[in-house]
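Side chains are part of it too, since the values below use all heavy atoms of this structure and drop only hydrogens, waters and symmetry mates. Indexing begins at 1, ligand by ligand and atom by atom, following the structure's order.
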Amino acid sequence: MPETNIPEPLRVGVVGLGFAGETHLKNYLLQPGVEAVALAGKEEDKLRLLGETYRVPNLYGNWEDLVARDDLDIVSVCTPNHLHAPIAIAALESGKHVLCEKPLARSGAEAESIATAARNARRVLQVAFNHRERGDVRVLKHYIENGDLGRVYHVKASWMRRRGIPGMGTWFTSKEMAGGGPLIDLGVHVLDLALYLLGEPEVYTVSAATYAELGPAGRGGRTELSDLAKIPVGTAYEVEDLATAFMRLEGGATLLLEASWAVHGSAGDDFGLTLYGTEGGAEVRVRNYNWEDTLRIFTDVAGVPAEVSPQLTRGEGHLAVVRDFLNTVRNGDPYGEHGQEGLVRARLIDACYASALEGREVSLSDQTEEQAV
Ligand SMILES: NC(=O)c1ccc[n+]([C@@H]2O[C@H](COP(=O)([O-])OP(=O)(O)OC[C@H]3O[C@@H](n4cnc5c(N)ncnc54)[C@H](O)[C@@H]3O)[C@@H](O)[C@H]2O)c1
């Protein structure tokens, strides 16, 4: 049942000035019926620059001052992960709708508290899983929904970087602030893609391992070898640099997940998925964020194996995420269970870290029961 008193234009506040914050801001301004009213972030020069560039009249150094405004309809949360829950909950409890960057939170428990706040406040909560809106993923989603792969029984999902630790010594490499390393940062995207493409199957068990071999030695950052000496000695690196997980899904399917910020693998940034189905297969392989020629469909033509390379577009990314979120705010069910997919991903990532720590397979039903105790 759509809410009847949706104001126009919708008044938006964005918290965070990094890639995520600017991307949200830009994409709101490309939509009709939206006014960017407030922006918050710690970097004073960047705050002023973005404020001028995007004509945002109210600028704040702290998120609390932005969320305290009583004239905002929407808050976008684009901060380090440890601030997702406090900002999202405060915004929801004061009646704003929330678009939160991935991951929804550092843990399943935190994600649950955000989803509960959305339910109690009857406000929309969505998580920005922008890679669903890539051109290759859109084509593959339609192909799978058409039944052309048959029953998909095994998926490999990975995001690997040769030397791509973001912000060595910043919030990204702090366990407390980020909640984890490449698994929660990059793995969450490809885990999301796999579950989304498979139609949200339940995950029964997880067996995972994590490694921290290069990061703690100051290796694997986005720095040239000659710059390594410039990384401060003792820079905290508290998270994994490689994670791998094997998941058993309902219906007998399996999912192999791998995520790394730094490994001795092929150079650059490489993410994608491989899907094996009873009637066909598919592979998305994205090298350094390219979008052309990234999808292969494996099928039989006249009884012989064939590969199809569909003609692709770049896709819309955050533009579609923001548009879909605004549509839900305007027309969605205020009594709906919002943010559930973000919550499911957070619980699965918890299970991966628990499995890696304990060195054993973890059942998702046990995990949920333990959290409920
Ligand atoms: N979906 C994507 O493709 C994508 C890409 C990059 C980042 N992200 C996500 O977006 C979030 C931010 O990542 P980023 O790379 O933009 O980080 P960043 O470090 O570049 O930016 C974080 C921003 O948060 C602000 N901030 C920190 N504490 C604050 C406070 N108390 N009050 C107000 N502002 C505060 C900082 O000043 C900074 O502007 C993360 O959760 C990350 O996982 C998503």
Side-chain angles (χ1 to χ4, degrees), residues 13-27 38-51 54 56 58-69 75-91 98-107 110-111 114 126-134 137 159 161 164-174 176-193 196 222 239 259 261 269 271 286 289 291 314-322 324-325 341-342 345-346 349:
V14 173
V15 187
L17 311 173
F19 171 82
E22 185 170 4
T23 302
H24 282 227
L25 190 53
K26 256 193 235 169
N27 283 294
L39 179 64
K42 295 279 178 203
E43 303 80 8
E44 284 178 21
D45 290 351
K46 185 102 190 267
L47 182 62
R48 218 171 306 118
L49 178 70
L50 293 183
Y54 297 105
V56 187
N58 302 289
L59 306 176
Y60 301 99
N62 281 309
W63 66 265
E64 288 91 338
D65 297 324
L66 179 144
V67 171
R69 289 185 71 99
V75 170
S76 260
V77 182
C78 305
T79 60
N81 301 345
H82 70 295
L83 293 174
H84 289 193
I87 299 173
I89 292 170
V98 168
L99 178 59
C100 185
E101 260 307 331
K102 48 55 63 173
L104 176 54
R106 292 173 299 180
S107 67
E110 259 188 355
I114 305 175
Q126 278 186 10
V127 182
F129 287 122
N130 48 303
H131 293 296
R132 292 184 188 186
E133 307 296 340
R134 292 178 53 88
V137 174
W159 194 322
R161 288 182 183 160
I165 297 173
M168 184 80 88
T170 68
W171 70 267
F172 277 103
T173 58
S174 151
E176 169 63 20
M177 288 195 263
L183 177 62
I184 201 166
D185 182 48
L186 304 177
V188 72
H189 273 303
V190 284
L191 172 63
D192 175 70
L193 289 180
Y196 168 69
R222 286 183 182 141
V239 295
W261 279 337
D269 180 302
F271 76 85
V286 180
Y289 297 91
W291 57 269
R314 180 189 290 272
E316 290 186 308
H318 275 90
L319 180 68
V321 167
V322 168
D324 179 58
F325 171 67
E341 291 172 4
R345 279 67 175 148
I349 287 171

Task: Main-chain N/O of Asn62 paired to Lys42 side chain as donor or acceptor, under 3.5 Å - done: no
Task: side-chain contact (heavy atoms from CB on, under 4.5 Å) between Trp261 and Leu186, worked out - done: CA-CA 8 Å; Trp261 279 337; Leu186 304 177; 3.5 Å; yes
- [ ] Could I get the full list of side-chain hydrogen bond (donor to acceptor under 3.5 Å, both in side chains) partners for Glu22, not counting sequence neighbours?
- [x] Tyr54
- [ ] Let me know which protein residues bring a heavy atom to under 4.0 Å of ligand 1; chain then number is fine for ordering.
- [x] Val15, Gly16, Leu17, Gly18, Phe19, Ala20, Gly41, Lys42, Glu43, Gly61, Asn62, Trp63, Cys78, Thr79, Pro80, Asn81, Leu83, His84, Glu101, Lys102, Pro103, Asn130, Trp171, Phe172, Asp185, His189, His318
TODO: Examine distances only and state if a side-chain atom of Asn27 and a backbone atom of Thr23 form a donor-acceptor pair shorter than 3.5 Å.
DONE: yes
Open item on the list: I'd like to check Val286 versus Arg134 (side-chain heavy atoms, cut-off strictly below 4.5 Å). Are they in contact?
Closed with: yes
- [ ] Please report the C-alpha distance between Val77 and Leu83 in whole Å, then the side-chain angles of each, then the deciding distance to 0.1 Å, and finally whether the side-chain contact (heavy atoms from CB on, under 4.5 Å) criterion is met.
- [x] CA-CA 8 Å; Val77 182; Leu83 293 174; 5.9 Å; no
